[in-house]
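Being a predicted model, the structure only gives us computed values, none of them experimental. In what follows, every chain begins at residue 1, and chains take the letters A, B, ... in the order their sequences are listed.
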There are 2 protein chains.
Amino acid sequence: MAAAIADPVRRQILVMLRGGRLSAGQIAGRFPISRPAVSRHLRVLRQSGLVRDELVGRQRLYELDAGRFTELAAWLAPFLQPSDWEHRLDALETEVYRTRRERRAADQTKENTA
Amino acid sequence: MAAAIADPVRRQILVMLRGGRLSAGQIAGRFPISRPAVSRHLRVLRQSGLVRDELVGRQRLYELDAGRFTELAAWLAPFLQPSDWEHRLDALETEVYRTRRERRAADQTKENTA
DNA sequence: AGAAAGGGTAACCTATTGGTTACGCGTTTG
DNA sequence: CAAACGCGTAACCAATAGGTTACCCTTTCT
């Protein structure tokens, strides 16, 4: 799976898919290489599990599979320093951190009820 | 740099180095492949910047270079879901999170003083 | 039904990679 | 100072990866 992100074209594809689902043709159209070449990159990504595909009519739509990225992050995490995590925390302060506290509070309530 | 972690031997080496500095010979000794083969993997890791080396007498000691892992994490982060970060937060609750809050408090104090 | 569109697979070629053995060079040791 | 140690590099070889063109299947349009 780590080998899947080794190739620059495949990394590009992953970044593109962050913007939403794309068909094979749309993806291939954005690269200077031939369509079959892109098709094989897509196969590698599929087999690595980083990407999922669905057939819709005569086209095949691709989208990210978030689960696998979590595995990558899990492997990477032990190499990171605490300060790295702090930066992430800063970035997500308003997003995650608050909702997290809110759910905490909710859980507290439940515990008291139970 | 992403290509550096594509190879399983190199990933193994990185994991080994998490335990501290190791000489080239110590690293090579833990693999079934020949020493020159390992030596070239080490060169790839060196050139990728994930690893630093220092010559000590007639041996060459290797250690992780944390900075590059941060870059990897930065690339990976946009692919992760908020829930992933929450898990990390749980794992680091006592480590980072508390000291973070403590420093926050300290900064607050400074602001009031200034 | 036939033509066109979307897209994967096969066969093929070249460049890269990862392994091996042979070798060279600086550092330690007897 | 010579022998031994630690380790990188060079030359070579087989396997893999990534590109290309040619081909085939399925779905849509007329």
Side-chain angles (χ1 to χ4, degrees), chain A residues 1-65 68-69 71-72 75, chain B residues 1-65 68-69 72 75-76:
Chain A
M1 181 185 52
I5 65 169
D7 185 272
V9 170
R10 288 196 292 267
R11 281 199 301 275
Q12 236 341 81
I13 292 176
L14 292 174
V15 169
M16 285 168 51
L17 288 177
R18 246 163 37 195
R21 307 172 114 200
L22 289 174
S23 72
Q26 289 175 314
I27 295 170
R30 303 192 193 175
F31 290 97
I33 61 179
S34 73
R35 199 185 46 65
V38 173
S39 184
R40 269 207 328 215
H41 281 301
L42 288 171
R43 173 164 47 179
V44 173
L45 288 174
R46 241 182 291 138
Q47 290 172 344
S48 77
L50 290 169
V51 140
R52 224 172 322 149
D53 67 308
E54 185 190 352
L55 280 80
V56 175
R58 66 183 161 184
Q59 41 186 32
R60 189 182 289 239
L61 300 182
Y62 287 90
E63 64 185 334
L64 297 179
D65 186 334
R68 285 313 183 91
F69 287 95
E71 294 181 36
L72 269 185
W75 182 85
Chain B
M1 181 183 54
I5 66 169
D7 184 271
V9 170
R10 288 197 290 268
R11 281 199 302 275
Q12 233 347 76
I13 292 175
L14 292 174
V15 170
M16 287 169 49
L17 287 177
R18 245 161 40 194
R21 306 172 115 200
L22 289 174
S23 72
Q26 289 176 314
I27 296 170
R30 304 191 192 176
F31 289 98
I33 61 180
S34 73
R35 198 185 45 65
V38 174
S39 184
R40 267 207 328 214
H41 281 301
L42 288 171
R43 173 166 46 181
V44 173
L45 288 173
R46 239 181 294 139
Q47 289 172 344
S48 77
L50 290 169
V51 141
R52 225 171 321 146
D53 68 307
E54 184 190 351
L55 280 81
V56 175
R58 64 183 161 184
Q59 42 185 31
R60 190 182 288 241
L61 299 181
Y62 287 91
E63 64 184 335
L64 297 178
D65 187 335
R68 285 312 182 91
F69 287 95
L72 269 185
W75 182 85
L76 188 57

Tell whether R40(A) reaches the base of dG19(D) with its side chain through a donor-acceptor pair below 3.5 angstrom. yes
Any side-chain N or O of R10(A) under 4.0 Å from OP1/OP2 of dG18(D)? yes
Atom CD1 of I27(A) and atom C1' of dG7(C): how far apart are they, to the nearest Å? 12 Å
Within this structure, what is the CD1-to-C1' distance between I33(B) and dC7(D), rounded to whole angstrom? 15 Å
Quick one: I5(B) CD1 to dG18(C) P, roughly how many Å, whole number? 13 Å
Measuring from the side chain of P36(A) (C-beta onward, heavy atoms only), which nucleotide among dG19(C), dT20(C), dT20(D) has the closest atom? dT20(D)
Which part of the nucleic acid, if any, lies within contact of R35(B), taking any heavy atom under 4.0 Å across all strands shown: a base, the sugar-phosphate backbone alone, or nothing? base
Closer to the 5' end of DNA chain D via nearest nucleotide, is it R58(A) or D7(A)? D7(A)
For V56(B) and R60(A), find the nucleotide of DNA chain C closest to each by heavy atoms; which residue's nucleotide sits nearer the 5' end? R60(A)
Contact class for A24(A) (heavy atom, under 4.0 Å): base, sugar-phosphate, or nothing? sugar-phosphate
Ignoring backbone atoms, test whether H41(A) places a side-chain nitrogen or oxygen under 4.0 Å from the OP1 or OP2 oxygen of dG19(D). yes
Should S34(B) be listed as having a side-chain N or O under 4.0 Å from OP1 or OP2 of dT21(C)? no
Please figure out whether L61(B) or P32(A) has its closest DNA chain D nucleotide nearer the 5' end. L61(B)
Just so I know, are the side chains of I13(A) and H41(A) near enough to count as touching, which here means a heavy-atom distance under 4.5 Å? yes
With R60(B), which of I27(B), L55(B), L22(B) fulfils side-chain contact (heavy atoms from CB on, under 4.5 Å)? L55(B)
Can you identify which nucleotide, out of dT21(D), dG19(C), dG19(D), has its nearest atom closest to the A37(A) side chain? dG19(D)
Gap separating the CG atom of L45(B) from the CZ atom of R68(B), nearest 0.5 angstrom: 12.0 Å
Rounded to whole angstroms, how far apart are CG on L55(A) and P on dT28(D)? 11 Å
CG (L64(B)) and CG (L50(B)) are apart, to the nearest 0.5 Å, by 8.5 Å
Under 4.0 Å: is that the gap between some side-chain N or O of S23(B) and OP1 or OP2 of dC7(D)? yes
The salt bridge (Lys or Arg N to Asp or Glu O under 4.0 Å) partner of E63(A) among R46(A), R21(A), R18(A) is R21(A)
Starting at CZ of R43(A) and ending at C1' of dT9(C), how long is that distance when rounded to a whole Å? 7 Å
Send over the distance from D53(A) CG to dG8(C) C1', rounded to a whole Å. 11 Å
Can you tell me how far P of dG7(C) sits from CZ of R30(A), to the nearest Å? 13 Å
Counting only side-chain heavy atoms from C-beta out, which of dG7(C), dC7(D), dG8(D) sits nearest to Q59(A)? dG7(C)
Between S39(B) and dC7(D), does any side-chain N or O lie under 4.0 Å from OP1 or OP2? no
For I5(B), does its backbone N or O pair with a side-chain atom of R11(B) as donor and acceptor, under 3.5 Å? yes
Just call it for Y62(A): base, sugar-phosphate, or nothing, with non-hydrogen atoms closer than 4.0 Å on any strand. sugar-phosphate
How many whole angstroms separate atom CD of Q26(B) from atom C1' of dC7(D)? 13 Å
